[in-house]
Amino acid sequence: MKRNYRIGEYYIPAIDRAVWVYLRDNYMNHDDFARDVMGMGPNTFSSKRRGLTQFSLGEATRLARVVGLSLDEAMGLCDAPDRPAA
């Protein structure tokens, strides 16, 4: 899938994919996820999701717990398990 937005040096594909699946499965949009689940503004979350800025340890832990990844998987330290695209 071709991306038409800029990604940064901190971009982790496992996070992007897991968030996309979570949004789809829970019928949420990006703004609601950022505000209600992550407790931050949509633009801030977008910058972090695209790797332009880093997640803090607390944010990374919360995100990993919500989307069902281990912290190692969320930070790209090991491969995330394949999840069906259903």
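- The two residues Tyr22 and Val67 make their nearest non-hydrogen contact at CB-CG1, 4.0 Å.
- Between Asn26 atom CG and Phe33 atom CZ the span is 9.0 Å, to the nearest 0.5 Å.
- Side-chain contact between Leu52 and Tyr11: absent, with no pair of heavy atoms (C-beta onward) separated by less than 4.5 Å.
- Here the side chains of Arg17 and Trp20 are in contact, with some heavy-atom distance below 4.5 Å.
- When all heavy atoms are compared, the tightest approach of Ala14 to Leu69 is O-CD1, 3.9 Å.
- The backbone N or O of Met40 sits nowhere less than 3.5 Å from a side-chain atom of Thr44 that would complete a donor-acceptor pair.
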Can you give each donor-acceptor pair under 3.5 Å made by side-chain atoms of residues 58-65, sequence neighbours left out, with the distance rounded to 0.1 Å?
residue	atom	partner	partner atom	Å
Glu59	OE1	Lys48	NZ	2.6
Glu59	OE1	Ser56	N	2.9
Glu59	OE1	Ser56	OG	3.4
Glu59	OE2	Lys48	NZ	3.1
Thr61	OG1	Leu57	O	2.8
Arg62	NH1	Met38	O	2.6

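- Residues forming a side-chain contact (heavy atoms from CB on, under 4.5 Å) with Asp32 (at least two apart in sequence, or on another chain): Met28, Asn29, Arg35, Asp36.
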Check against side-chain contact (heavy atoms from CB on, under 4.5 Å), Phe55 and Ile12
CA-CA 11 Å; Phe55 285 100; Ile12 301 171; over 6 Å; no
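- With sequence neighbours left out, Tyr10 forms a ring pair (Phe, Tyr, Trp, His ring centres under 6.0 Å) with no residue at all.
- Atom CG in Leu23 sits 10.0 Å away from atom CG in Asp31 (nearest 0.5 Å).
- Under the rule for a side-chain hydrogen bond (donor to acceptor under 3.5 Å, both in side chains), the partners of Ser46 that lie at least two apart in sequence or sit in another chain are Arg50.
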